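All values below were derived from every heavy atom in this structure, side-chain atoms included, with hydrogens, water molecules and symmetry-related copies excluded. The shown structure was predicted, so the numbers you read here are calculated from the model rather than taken from an experiment. First the proteins, then the strands, lettered A, B, ... as listed; each starts at 1.
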Amino acid sequence: MTITLFIPCFIDALFPRAGISMVQLLEGLGHKVVCPPEISCCGQPPFNSGYWDEARPVAAKVLEQLKDAEAVVIGSGSCGAMVKKFYPELFAGKPQEAMAKKVAARTWEFSDFIVTKLGVTDFGAKFPHKITFHDGCHGLRELGIKKSPRALLAKVQGLQLVEMAEAETCCGFGGTFAAKFPMISTAMGDVKCASAAETGAEYIVSNDSSCLMHLQGLLSRQGKPLKTIHLAEVLTQK
Amino acid sequence: MSTFATGFLKQARVMTADLRHRKIIRTALTNYEIVRDKRKGAFQSWESARSAAAETKWEAVNHLDKYLVEFVSKLEARGTKLHWASTGAQASEIILEIVREKNARSVIKSKSMTSEEVHLNDALEKAGLEVVESDLGEFIMQLRDEPPYHIVFPSMHLTRGEIKELFERELGDAPSDSPEELTMVARRALRKKYLTADIGFTGANFAIAETGMISITENEGNARLTAALPKTMVSLLGIEKVLPRLEDLALFLPMLATAGTGQALTCYNTMYGGPRQPGECDGPEEFHVILLDNRRTELLADAEQRDALHCIRCGACLNACPIFRNIGGHTYATTYSGPIGSVITPHLRGLQDWKHLSAASSLCGGCTEVCPVKIDLHHHLLHNRRNAAKEKPALIERSLYLIFGFVANRPALWSLGKKLGRLSQPLHNLVKGSALDPARSWTQTRDLPPLAQESFKDWWKKRNR
Amino acid sequence: MKNEETVLSEREKILARVREALSVPAHVPGAHGLAPLAASAQSSAAGVRQWLPKVGNSFAEQLGLFQKNATELKTDFQLFDSAEEMRQALVRLRDAEGWKRVACHSGDLTNAICPPLNLPMLRTDKAYDVHEMEACDAGISECDALVAQTGSVLVTSRSAGGRALSVLPPHHVVIARREQLVADLPAAFALVKTKYAPDFPSMISFITGPSRTGDIERILVLGAHGPKRLTILVF
């Protein structure tokens, strides 16, 4: 299958290794991966701030790049939700409505695509560490993804998953929210980090780099030893 | 920025820094979650029950005119006096007229958020009446001269020690800080009030159209006493409280209890269909029901967000909300706080003044997930943001997004942006976290990861060369 | 009072706003459409029953469930084989708590059970003095039903001696026959309708345990404003 891989802007610029890992994993399964070069961002920042008219041209460009894809795989639950769930709403009553619905129907979040669509869970990865998993809210609640990442982690040799009490609580990132309401965002992040630390884990793993960026930012600033790593990177460890 | 928004930001800064407060709320709500989950688990299907409740409320709200007329005519047929109020001021005025007609001096109240919404206590006190809140939590908050902290748990942010001090100061009666003894202090103080009050005032949780009854849910028995002893009973309710049929309560009462407090059923669930009827030995001689609009019809007119009128005020969305948990109920400065408050307050009190509440959310969806009547809460926060930006865009923010869009749609520019970012990184390190830092709102409490020397796209391009 | 015209006009204004608002149809929630709504309207009781907590099929199971719920709620539930045993139990309650005066209403059951108490009794069969009731040590009433699903007692202003008898005295004693046990809330509401419609009592109340509050640090305290004790005697 030819997989159109949508690498979110923050993975591209800040965490390229997560994106590279996704390519390696999908190609390792024998699929052809293409990355549309013209995609910059899904348009979430203006969209979530309420500036839908300003978000639409950005999203339209993305749609244009994805319209002929057989399967769209997005390396983040958040951007995945944007394309799969919110594009149809953003383009409701607009010329691109049909295209948005068509693309949405073919769009997958990365871990869910591998487990649900491809039926693969074992990459022969080895990661001898105690970890805890953070469910990004968009992946969890907009796309209903809870089991897939855990199914993948279950097959990683040496990995011990300890669920934290606040696994499903928001990390406080929330895009522009983190900058508009930094005190609330930070308080939420602190709750999350404390809950993760309680498990005694060495790593917080997630399928969403944006949440991890927030948590890592807090942990580093506070000098905490807990580290963050994207699920795809865990799956490529040997 | 509206003055309400400025106040919100200031208070949010204070409250998020108050670790003691955050711990009190977290402990209380963690315990709530445990019992609620146990009760949810007892349902054969909580999810089906939610769907059924959403459908029933949809039916009621989308045929509100029909059900209101039915409700009113059934109540009137059995001697209840019905009043309609378009505004909060009108509602207070109607009650004041009843007060004047009855020559009343004192009012005993059971818990009612709608009366908070119309500032009834202020109006009554201004008219020289003694007003006493009878729900323990509300009684405590009245003594503190503060609005309720939470729509179901009005005094959840206070410790027993603080309540003991309060009772000592205000009542001169606080034998110890044991919750048991403090509750008995309130019981003694309020007993006298029930027996002497001229008017008993209540809210309502549901209005049953089919049989013409209001239904009141409570744990303490204070509403039962309020509706039993004074000669005149007055109930104030929003027009959206209607349920079509009596048996709908078989679903809504246990769902309200489960979502609200984690009980299988609240201690007293009582339906009132009129004043004392012929052959009955007690109860009020007169029963007045006031139906309040107060801009609910504006929310009703927004078809997209109409389901916000399904709300049964259980408080589950507040309890689940990580924002509420960290800033507390008073920071909202609204009658209805938490996610539901952030959704409806812009409709009830003005979008531009209250849009900051919809912005103050990470849109995590925790609220929508727990809502027993499936209100699309977090998406409505997004809708409020959209409506606010459309109606009155913030010039700078909009310009930034226009520039963002311009750059995002030109890959060469976007790529150049990344390069410039990389180059300016050492400069940023010099001002990081300081007043000169453009990313200060992030870097004050968090580190920013460095831009990768080789971006994913660089890697991809190189590889496919 | 405002004159009739203004009152009516406010009503008309609000209803007009409601009708205008509803002229734009709302989307139907989730996967639920108009068709299932109509269906659920007709079979609401049956529908609801399959989602609410389980109650068991046999009478014994339901009685056991009521008992279990009562214990959890801190209701004192006592089951007897005969009316005589129940009379004795009531006398034991009187002695244990040192009742001096009780409030009660006339009914088949109360009339049969209460006389051996030999106490001054405030009757609520017609208007009474609330201060006298406030001074009573217990209120004794009948009920319309006991609900297995929730451990609730269903009372009305007609069946249980008015509105105050079951909440004003510090101890509410309910006397009932075991045939009065119903399975669940839908059954209880069905019973209310069959028994009373259209002439409903002015108050219908489900009492689920003794009065309680958690308003101080979410710690359970009984007897907030209503009775501290709820005793249900069944034979």
Side-chain angles (χ1 to χ4, degrees), chain B residues 28 31 42-45 48-49 51-52 54-55 58-59 62 64-65 84 86 97 101 136-137 155 160 163 179-180 182-183 187 195 211 219-222 224-225 228-229 246-247 250-251 254 264-265 267-274 276-277 280-283 293 297 300-301 303 306-307 374, chain C residues 1 7 10-11 13-15 17-19 21-22 24-26 28-30 32 37 40 44-45 47-48 50-54 124-128 130-131 134 150 152 157 162-164 167 185-186 189 193 200 202-209 211-213 215-219 221 224-226:
Chain B
N31 292 337
F43 274 68
Q44 292 173 76
S45 171
S48 301
S51 299
E55 285 178 0
W58 189 95
E59 158 76 18
N62 284 282
L64 192 56
D65 51 338
W84 299 72
S86 287
E97 283 183 32
E101 197 191 84
L136 177 59
S155 58
R160 61 183 84 183
I163 296 168
E180 166 91 31
L182 291 169
T183 302
R187 181 185 170 108
L195 297 172
T211 54
N219 267 313
E220 298 179 1
N222 60 311
R224 284 282 312 268
L225 289 166
L229 303 178
L246 182 63
E247 55 265 34
L251 178 67
L265 205 58
C267 195
Y268 298 98
N269 285 286
T270 312
M271 292 108 247
Y272 296 99
R276 178 193 303 196
Q277 297 294 300
E280 293 184 349
C281 63
D282 60 5
D293 179 351
T297 43
L300 191 72
R306 190 174 292 160
D307 66 344
K374 290 189 155 182
Chain C
M1 302 301 289
V7 176
E10 219 50 57
R11 168 191 162 128
K13 273 190 230 162
I14 292 175
L15 284 174
R17 283 200 293 271
V18 167
R19 285 179 187 128
L22 291 177
V24 183
V28 197
H32 308 282
L37 277 175
S40 74
S44 138
V48 164
Q50 54 182 325
W51 307 316
L52 291 177
K54 275 204 170 107
T124 64
D125 302 326
K126 45 182 189 247
Y128 59 90
V130 287
H131 293 90
E134 218 269 324
T150 53
S152 311
S157 44
R163 294 192 184 192
V167 277
L185 288 168
F189 279 103
K193 272 191 170 172
F200 292 99
S202 71
M203 183 207 78
I204 300 164
S205 189
F206 289 86
I207 300 175
T208 310
S211 155
R212 61 198 55 215
T213 185
D215 276 347
I216 301 175
E217 292 190 4
R218 313 290 323 125
I219 291 165
V221 176
H225 292 289

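Here the closest non-hydrogen pair linking B:W58 and C:A26 is CZ2-O, 3.8 Å.
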Go through it in stages, so that I can follow the logic: the residues are B:R160 and C:I219, the test is side chain to side chain contact (heavy atoms under 4.5 Å, CB included), and I'd like the CA-CA distance, side-chain angles, deciding distance and then a yes or no.
CA-CA 10 Å; B:R160 61 183 84 183; C:I219 291 165; 3.1 Å; yes
Could you go through the side chain to side chain contact (heavy atoms under 4.5 Å, CB included) check for B:D65 and C:L22 one step at a time?
CA-CA 9 Å; B:D65 51 338; C:L22 291 177; 3.9 Å; yes
Between B:S86 and C:R17, does a side chain to side chain contact (heavy atoms under 4.5 Å, CB included) hold up when you go through it step by step?
CA-CA 10 Å; B:S86 287; C:R17 283 200 293 271; 2.8 Å; yes
Kindly indicate, with the supporting measurements, whether the criterion side chain to side chain contact (heavy atoms under 4.5 Å, CB included) is fulfilled by B:S45 and C:Q50.
CA-CA 8 Å; B:S45 171; C:Q50 54 182 325; over 6 Å; no
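For chain C, the nearby part of B:L229 is the side chain; its heavy atoms alone come within less than 4.5 Å. Residue contact with chain B, scored on non-hydrogen atoms closer than 4.5 Å, involves the backbone and the side chain of C:K54 alike. Using a 4.5 Å cut-off between heavy atoms, B:N269 contacts chain C through both its backbone and its side chain. Contacts between B:N31 and chain C at a heavy-atom distance below 4.5 Å are absent for every atom of the residue. Only the side chain of B:E280 comes within less than 4.5 Å of a heavy atom of chain C; its backbone N, CA, C and O stay farther away. For B:I163, the part lying under 4.5 angstrom from a heavy atom of chain C is the side chain only. Proximity to chain C is limited to the side chain of B:R306, based on heavy atoms less than 4.5 angstrom apart.
When B:A228, B:G221, B:A28 are compared by the number of non-hydrogen pairs under 4.5 Å with chain C, B:A228 comes out ahead. Among C:T150, C:L15, C:D125, the residue with the largest count of heavy-atom pairs under 4.5 Å with chain B is C:L15. Comparing B:G274, B:G137, B:P179 by heavy-atom pairs within less than 4.5 Å of chain C, the highest count is held by B:P179. Heavy-atom pairs under 4.5 Å with chain B were tallied for C:V24, C:I204, C:L185; the largest tally goes to C:I204. No other option in B:D307, B:L136, B:L182 has as many heavy-atom pairs under 4.5 Å with chain C as B:L136. The candidate with the highest count of non-hydrogen atom pairs below 4.5 Å against chain B, out of C:I14, C:V130, C:T124, is C:I14. Ranked by heavy-atom pairs shorter than 4.5 Å toward chain B, the options C:R19, C:E217, C:E134 are led by C:E217. Per-residue heavy-atom pair counts under 4.5 Å with chain C were compared for B:Q44, B:E180, B:R276, and the maximum is reached by B:Q44. Note: C:H225 leads C:M203, C:H225, C:H131, C:K126 in heavy-atom pairs under 4.5 Å with chain B. If you tally non-hydrogen atom pairs under 4.5 Å between each of C:S157, C:S152, C:G209 and chain B, the highest count goes to C:S157.
Residue B:T183 holds its OG1 atom at 12.5 Å from CZ of C:R212, rounded to the nearest 0.5 Å. To the nearest 0.5 Å, atoms CG (B:L246) and CE (B:M271) are separated by 7.0 Å.
C:P186 has its side chain within reach of C:L52: a pair of non-hydrogen atoms, C-beta onward, lies under 4.5 Å apart. In this structure, C:R163 and B:Y272 have side chains that are in contact, with non-hydrogen atoms separated by less than 4.5 Å. Contact of the B:L64 side chain with the B:L300 side chain is registered, since non-hydrogen atoms from C-beta on lie closer than 4.5 Å.
Checked against side chain to side chain donor-acceptor pair (under 3.5 Å), C:T213 has the following partners two or more places apart in sequence or in another chain: B:E220.
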